[in-house]
K.L.:
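To start, I am sharing the structure in question, which I have written as structure tokens.
A quick note: this is a predicted structure, and the numbers were derived from the prediction, not measured. Numbered from 1 within each chain, the chains take letters A, B, ... in sequence-line order.
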Amino acid sequence: MIAQMTKKRTMKMIAGMLLLGIVFFTTSTQTYAAAEPDEDYLALVETYGETFDFFTTSTLWTLIAAALVFLMHLGFATLEAGLTRAKNTTNILFKNVFIICMGLFAYAAYGFNAMYPGDFNGIFALGSAITTEAYGNTDFSYGGTALCMTGWADFIFQAMFAATAATIVSGAVAERIKLPSFMVVATILVAFVYPITGSWQWGGGWLSEGGFYDFAGSSLVHAFGGFAALGVVMVLGPRAGKYQADGSIKPILGHSMPLATIGVFLLFLGWFGFNGGSVLSANPEGVSLVFVTTALAAASGGLATMFTAWMVFKKPDLSMSLNGMLAGLVGITAGADSMGPWSAVIVGAIAGVIVVFSVIFFDKIKIDDPVGAISVHGICGIWGTLAVAFFGGGDFMWQLYGTLSISALAFVAGFVISLLVKFTMGIRVSEEEEATGLDIGEHGQEAYPDFSPNSH
Amino acid sequence: MIAQMTKKRTMKMIAGMLLLGIVFFTTSTQTYAAAEPDEDYLALVETYGETFDFFTTSTLWTLIAAALVFLMHLGFATLEAGLTRAKNTTNILFKNVFIICMGLFAYAAYGFNAMYPGDFNGIFALGSAITTEAYGNTDFSYGGTALCMTGWADFIFQAMFAATAATIVSGAVAERIKLPSFMVVATILVAFVYPITGSWQWGGGWLSEGGFYDFAGSSLVHAFGGFAALGVVMVLGPRAGKYQADGSIKPILGHSMPLATIGVFLLFLGWFGFNGGSVLSANPEGVSLVFVTTALAAASGGLATMFTAWMVFKKPDLSMSLNGMLAGLVGITAGADSMGPWSAVIVGAIAGVIVVFSVIFFDKIKIDDPVGAISVHGICGIWGTLAVAFFGGGDFMWQLYGTLSISALAFVAGFVISLLVKFTMGIRVSEEEEATGLDIGEHGQEAYPDFSPNSH
Amino acid sequence: MIAQMTKKRTMKMIAGMLLLGIVFFTTSTQTYAAAEPDEDYLALVETYGETFDFFTTSTLWTLIAAALVFLMHLGFATLEAGLTRAKNTTNILFKNVFIICMGLFAYAAYGFNAMYPGDFNGIFALGSAITTEAYGNTDFSYGGTALCMTGWADFIFQAMFAATAATIVSGAVAERIKLPSFMVVATILVAFVYPITGSWQWGGGWLSEGGFYDFAGSSLVHAFGGFAALGVVMVLGPRAGKYQADGSIKPILGHSMPLATIGVFLLFLGWFGFNGGSVLSANPEGVSLVFVTTALAAASGGLATMFTAWMVFKKPDLSMSLNGMLAGLVGITAGADSMGPWSAVIVGAIAGVIVVFSVIFFDKIKIDDPVGAISVHGICGIWGTLAVAFFGGGDFMWQLYGTLSISALAFVAGFVISLLVKFTMGIRVSEEEEATGLDIGEHGQEAYPDFSPNSH
């Protein structure tokens with residue numbers, strides 16, 4: 001029957017196609033009138049000087065890197081959704097949609113100028129909204145070859161970074177936090193706290209004036225997010241049933257390993273923009289070295305975790321191996337520009353081993369982190385920052401000061417803000433809602449409402 | 001048992017790995033013989049003039065932008081699949097595979113030269129197949145710095161655009177249109193209709209000679225797609241059971257919010273190429289401003305929809321919020337290059353509010369659009385075009401003429417073509433097939449044939 | 001109830017937001033102190049000569065292309081997962097995570113220098129680990145405009161290629177190969193065998209000195225992977241129940257067409273880097289032509305398969321059409337730079353027809369290839385290589401020698417290595433494990449452990 005039906009259709013289809021085909025090939029080619037680019041171009045060169053071509057390529061790379069970092073938000077969304085239960089998926093996706101929207105908005109409205117205040121006391125500066133005047137690209141020598149891009153490109157690249165801090169938190173607090181409470185915590189963290197620690201180093205504050213080095217943010221982004229998450233989780237508490245009265249730990253499995261895998265591959269891809277774009281110009285020497293160290297650290301991190309977990313759990317563990325690639329990436333982020341490929345392999349491999357035991361450790365002390373964000377971003381962020389002292393010529397004490405002070409502020413901020421939220425709006429969903437799932441409880445919307453495989 | 005087994009395996013595994021390791025490190029480094037690029041390069045410069053470097057970067061950016069717009073087709077495919085029922089998923093994916101293949105082919109065979117005919121009457125020109133001669137990149141001053149790329153780069157970028165028009169339609173007609181009928185409608189729209197309205201503005205036709213402005217296609221691509229969809233939907237009718245006899249509206253939920261979310265994030269990413277590439281050169285001033293306005297409009301669109309829907313539906317609605325980001329993106333598309341960041345925020349936010357009420361409105365008047373494509377692309381496309389008059393210095397009347405004439409032609413074309421198809425091949429699947437699902441009816445192939453979670 | 005709850009929350013939410021809003025707009029703009037890029041830049045130009053800008057853009061493009069090829073690994077992972085059963089999904093994802101990690105590591109530790117040994121006997125050279133000295137980017141004239149990039153960029157681009165060879169294999173052997181055995185086979189293929197055939201052509205070996213031409217690897221990458229897969233599959237045997245005693249063939253369907261579709265679109269996207277990056281510079285003439293031929297071959301491949309399969313199977317087959325796009329891409333890879341758009345359309349279309357009958361053929365001779373990798377990459381890889389003789393001015397006999405010798409070595413290697421592995425570690429899982437699924441058997445980890453749609 002179906003065959004019959006479709007055969008008839010096919011005939012009609014083909015007939016139509018052939019008809020179109022005939023029209024397609026009325027080939028009356030025509031060529032293009034060539035303009036005079038030389039004049040236009042020479043005018044540009046005259047206006048902007050000889051740096052114009054390099055400036056153009058550098059700005060373009062920064063923008064492409066910003067787009068890659070944007071994609072990391074989809075990576076986080078799918079990774080977190082995959083590693084949690086189907087009944088909380090809509091909630092997780094919603095949080096990630098909110099974070100990227102709020103993050104970009106808040107950074108434009110306040111954060112960027114708080115993080116890069118120009119001359120300031122080195123510890124704290126008030127922010128302000130970006131303005132067309134200040135970033136209007138009239139100044140093509142913005143930052144020189146060390147920061148070779150328009151003000152707009154600088155802003156959008158940094159804005160994509162800012163939102164990642166909150167995204168890291170969203171994974172750790174998944175499956176039990178009240179949506180509005182999370183939205184408030186995340187907004188305060190991204191808008192007001194992240195720019196403070198950011199200004200300490202990238203804004204020219206006290207850490208940069210000391211001797212701290214954090215190329216692309218093992219501490220400023222990842223440890224910040226990881227320890228802010230720890231602070232929130234300590235206020236929030238573990239998911240119901242995770243830690244049994246008898247002291248046993250009940251594994252709460254995610255609902256889709258393909259989603260989780262898609263997430264980690266997208267994060268790996270985005271990291272080429274995260275680290276590569278942090279060169280802040282298209283300097284071929286810098287960008288290409290960073291691509292190599294970043295990729296090799298991810299690879300060795302993945303392999304190290306794969307075999308470590310195999311030894312420890314007696315089986316090849318996919319979700320742990322995925323976290324291993326991320327651990328390697330977080331680990332290399334602070335020194336991706338300042339070490340050779342084999343140092344990067346070692347840094348990534350050590351991060352890959354650390355993450356396995358860190359995940360086990362936090363479970364032992366009853367810190368419930370559904371996706372392992374505290375271990376991957378927090379602990380490996382600290383390791384990566386210290387590794388710069390061992391492999392990248394950084395000063396150990398300053399690396400230690402820096403990563404600890406950033407992590408400490410993030411932790412305290414996460415903890416205090418969560419406490420305030422807990423006592424005002426409340427921070428945790430009801431037991432019933434947690435059992436039913438936040439998709440129904442918070443959104444009245446399931447993630448797979450019409451999913452009925454093997455049936456119709 | 002498993003532990004036992006895998007342990008043995010692991011030992012073998014490690015042994016093998018170590019063995020390989022030994023071989024790996026036979027480090028007999030060798031270096032590279034340096035060539036003489038200066039000569040090769042100077043020859044190029046001599047041939048192509050001083051613009052060569054800028055031309056190279058601009059062409060590269062256009063090609064990368066084309067790749068990003070290509071990815072939007074995966075975005076549409078996953079968004080449409082996610083927001084519809086599992087029993088129609090194979091059909092939706094198949095349509096999107098067809099559209100990108102057909103779209104590229106048709107645009108090469110006819111559309112590109114119909115849309116960019118050079119001198120023509122300003123209203124209509126016949127197309128023709130692209131030829132190696134005409135685009136053979138022998139002319140490195142093609143278009144000057146205002147259109148700074150090879151003919152090939154120009155073609156592939158525009159070709160990726162063309163197919164999106166049909167993709168927009170495919171979402172609105174999902175779950176009830178006959179496959180071959182859709183294929184014919186989509187092909188005619190992309191190959192013959194889209195280039196007509198395109199030529200009015202981007203091909204140098206009557207709209208561009210008037211005073212219409214549509215930077216990257218709020219009207220020429222999105223309103224076109226949205227209103228063509230409206231035309232087809234009016235002929236096709238709503239899905240069975242959507243509008244009950246008693247006047248009540250039955251919500252027909254999709255089957256995968258993760259798929260829908262992946263789709264929207266990919267569309268957001270692709271939009272950096274869609275808008276950024278429309279600068280038609282790597283001009284750092286233009287491209288970087290466009291990245292900022294595009295991202296901020298998407299963010300404010302998402303936030304505005306989030307809170308508007310929360311007010312209206314009394315819950316935070318994920319699928320609506322996803323459409324809100326798209327609404328902001330469609331809204332900024334016409335003026336992304338001609339306004340500052342805060343104007344972009346306002347344009348996006350208004351689009352985000354509009355889309356909520358537009359979706360409600362079309363449901364009220366019984367226009368069944370499973371993914372909200374008519375509201376997101378059609379209505380917000382018109383808004384974005386008019387917004388150029390308020391925020392980007394465009395002439396209001398011309399913006400109005402332009403968007404209405406483009407939308408009108410798209411609507412009429414969609415309506416008439418569908419009618420003709422309806423009376424020849426038929427346009428709607430049988431009631432039985434609609435109930436069973438188009439995956440079985442049209443393809444004899446389920447989307448999740450072996451999907452049996454929690455079982456083996 | 002929920003409405004009540006969320007309404008209260010919403011109020012609080014809005015209040016908080018407004019509060020933040022106020023702080024946001026303390027607009028104390030400040031501008032940037034302009035640096036003196038001209039001096040920095042002129043220093044660079046002085047150091048590196050006039051090629052610096054072109055070199056920068058070319059290096060950047062190579063790195064972006066490497067990132068795109070990286071994404072192909074996610075494409076392979078999702079395609080393979082989608083076309084196989086849910087019970088083997090974790091295993092497939094794990095294999096793909098291993099392959100990219102191992103592939104990058106092995107290529108850095110041995111492969112790259114074995115494939116590009118400089119002067120060698122033309123047939124075989126020992127490899128070695130890359131070193132900071134050799135690729136330290138001190139030589140900005142590396143390779144000239146024909147290979148215009150840093151050593152690092154060259155390495156990472158080629159490394160992403162190398163791993164794809166093993167990924168192709170992983171699809172064909174899915175659902176029955178022992179994990180550790182696959183890991184050993186894949187590692188040997190990527191680390192030691194792939195560089196041998198690679199050196200024959202791209203390393204300046206005997207094939208390149210003859211007259212063989214393979215632009216981006218129809219033979220060196222795809223036919224290699226396809227025929228290595230054939231060799232392994234012949235040792236491994238078909239999946240249980242695939243070929244019935246009565247001679248009938250039982251179709252074993254995959255579990256997620258959306259995953260498969262995501263995979264193919266990502267592969268299509270990645271191919272712009274795979275082929276476009278193989279220009280080995282940002283030469284606008286070359287890169288833009290390659291983008292056009294690549295896209296059009298994929299489109300015509302998809303269309304040709306669509307209609308061929310429709311004729312043969314009497315229904316529009318999605319999974320076959322997806323393979324059709326890949327067939328077109330594999331087909332154009334050898335000559336993407338050396339033919340015009342309509343030749344590319346023909347090459348792609350023929351590949352699209354070939355793949356349908358090839359898949360049927362291998363099923364007839366009981367070669368069980370769950371994803372059709374042998375047909376798509378192996379057979380179409382040979383076709384694409386020969387097509388260069390017909391459409392790209394290559395020498396037919398040399399194209400034949402080349403593709404056959406590469407395919408033959410890959411087949412023999414795959415066959416022999418698998419045999420050795422079979423008699424040492426064993427290569428196939430037990431019947432029980434195959435029935436239960438490799439996710440439980442190898443990993444003790446399901447892919448959808450908590451997936452319970454339509455229920456809570």
Side-chain angles (χ1 to χ4, degrees), chain A residues 2 9 12-13 16 20 24-32 34-38 40-41 53 55-57 59-60 63 67 70-71 74 77 81 89-90 93-94 97-98 101 104-105 108 130 132 137 150 152-153 155-156 179 259 310 314-315 443-445 447-454 456, chain B residues 3 6-7 10 49-51 53-54 57 61 85-87 109-110 118 126 128-129 131 134 139 141-145 148 180 184 187 253-258 261 265 269 272 282 284-285 287-289 291-292 295-296 299-300 302-303 315-316 318 321 340-341 425 436-437 440 444 448 451-452:
Chain A
I2 290 171
R9 282 182 193 165
K12 281 187 190 149
M13 188 67 235
L20 297 180
F24 279 158
F25 287 97
T26 39
T27 331
S28 66
T29 312
Q30 85 289 321
T31 46
Y32 283 76
E36 309 295 345
D38 289 320
D40 319 358
Y41 175 79
D53 287 326
F55 183 88
T56 298
T57 306
T59 298
L60 182 60
L63 293 169
F70 165 78
L71 196 56
L74 176 57
T89 303
T90 297
L93 298 171
F94 187 92
V97 169
F98 169 75
C101 293
L104 291 172
F105 180 78
I130 59 170
T132 307
N137 310 304
T150 62
W152 292 129
F155 161 72
I156 196 67
L179 179 64
L259 271 181
W310 208 329
K314 306 277 172 287
K315 54 161 194 161
H443 304 271
Q445 198 172 46
Y448 303 96
D450 179 73
F451 200 101
S452 41
N454 312 336
H456 21 271
Chain B
T6 44
K7 186 160 190 180
T10 314
E50 291 195 38
T51 62
D53 287 326
F54 184 73
T57 306
W61 168 232
R85 290 165 291 184
K87 64 183 179 181
Y110 180 89
L126 263 181
S128 63
T131 62
D139 172 16
S141 60
Y142 176 76
T145 39
C148 193
V184 169
T187 304
L253 300 168
H255 85 285
S256 173
M257 295 313 296
T261 306
F265 273 80
L269 175 73
F272 287 119
E285 195 164 349
V287 180
S288 49
L289 174 62
F291 263 64
V292 171
L296 288 179
S300 64
L303 291 173
K315 54 159 197 165
L318 174 59
S321 304
M425 328 170 46
T436 317
I440 295 298
Y448 303 96
F451 200 100
S452 39

K.L.:
Quick check on Leu60(A) against chain B: is it the side chain, the backbone, both or neither that has a heavy atom closer than 4.5 Å?
P.N.:
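Leu60(A) touches chain B through side-chain heavy atoms alone.
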
K.L.:
I'd like to know which of Leu93(A), Thr90(A), Leu71(A), Thr59(A) tops the heavy-atom pair count under 4.5 Å against chain B.
P.N.:
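That would be Leu93(A).
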
K.L.:
Do you know the tightest heavy-atom contact between Gly302(B) and Cys101(A)?
P.N.:
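Heavy atoms only, the tightest pair is CA-SG, 4.0 Å.
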
K.L.:
With side-chain hydrogen bond (donor to acceptor under 3.5 Å, both in side chains) as the test, would you mind laying out the steps for Thr57(B) and Thr57(A) before giving the verdict?
P.N.:
CA-CA 6 Å; Thr57(B) 306; Thr57(A) 306; 3.3 Å; yes

K.L.:
Is chain B contacted by the side chain of Ala81(A), its backbone, both, or neither, given a heavy-atom distance below 4.5 Å?
P.N.:
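Answer is neither: Ala81(A) stays 4.5 Å or more from chain B.
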
K.L.:
State the CZ-OG1 distance between Phe291(B) and Thr150(A), to the nearest 0.5 angstrom.
P.N.:
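Separation between the atoms: 10.5 Å.
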
K.L.:
Any side-chain heavy atom of Phe265(B) within less than 4.5 Å of one from Val97(A)?
P.N.:
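With C-beta onward as the side chain, the pair touches.
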
K.L.:
Report the distance from atom OG of Ser321(B) to atom CZ of Phe98(A), rounding to the nearest 0.5 Å.
P.N.:
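Answer for the OG-CZ pair, Ser321(B) versus Phe98(A), is 10.5 Å.
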
K.L.:
Atom CD in Glu285(B), atom CH2 in Trp152(A): separation rounded to 0.5 Å?
P.N.:
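Result: 11.0 Å between the selected atoms.
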
K.L.:
About how many Å separate CH2 of Trp61(B) and OG1 of Thr56(A), when rounded to the nearest 0.5 Å?
P.N.:
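Rounded to the nearest 0.5 Å, the OG1-CH2 separation comes to 13.5 Å.
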
K.L.:
Quick check on Leu259(A) against chain B: is it the side chain, the backbone, both or neither that has a heavy atom closer than 4.5 Å?
P.N.:
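The side chain, not the backbone.
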
K.L.:
Picking from Val287(B), Leu296(B), Leu253(B), Leu269(B), which has the most non-hydrogen pairs under 4.5 angstrom with chain A?
P.N.:
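Most heavy-atom pairs under 4.5 Å with chain A: Leu269(B).
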
K.L.:
Output yes when a side-chain donor or acceptor of His443(A) lies under 3.5 Å from a complementary backbone atom of Pro316(B), and no otherwise.
P.N.:
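It does hold such a pair.
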
K.L.:
Given a strict heavy-atom distance threshold of 4.5 Å, which part of Ala77(A) is in contact with chain B: side chain, backbone, both, or neither?
P.N.:
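No part of it gets close to chain B.
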
K.L.:
When rounded to the nearest 0.5 angstrom, what is the spacing between OG in Ser300(B) and CZ in Phe105(A)?
P.N.:
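Interatomic distance, Ser300(B) OG to Phe105(A) CZ, rounded to 0.5 Å: 8.0 Å.
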
K.L.:
Can you find a pair of side-chain heavy atoms, one from Thr89(A) and one from Met257(B), that are under 4.5 Å apart?
P.N.:
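Counting from C-beta outward, Thr89(A) and Met257(B) never come under 4.5 Å.
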
K.L.:
So how far is it from Thr261(B) OG1 to Phe94(A) CZ, rounded to the nearest 0.5 Å?
P.N.:
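Separation between the atoms: 11.0 Å.
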
K.L.:
Can you name the nearest heavy-atom pair linking Ser288(B) to Ala153(A), along with the distance?
P.N.:
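Shortest heavy-atom separation between Ser288(B) and Ala153(A) comes out as CB-N, 3.9 Å.
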
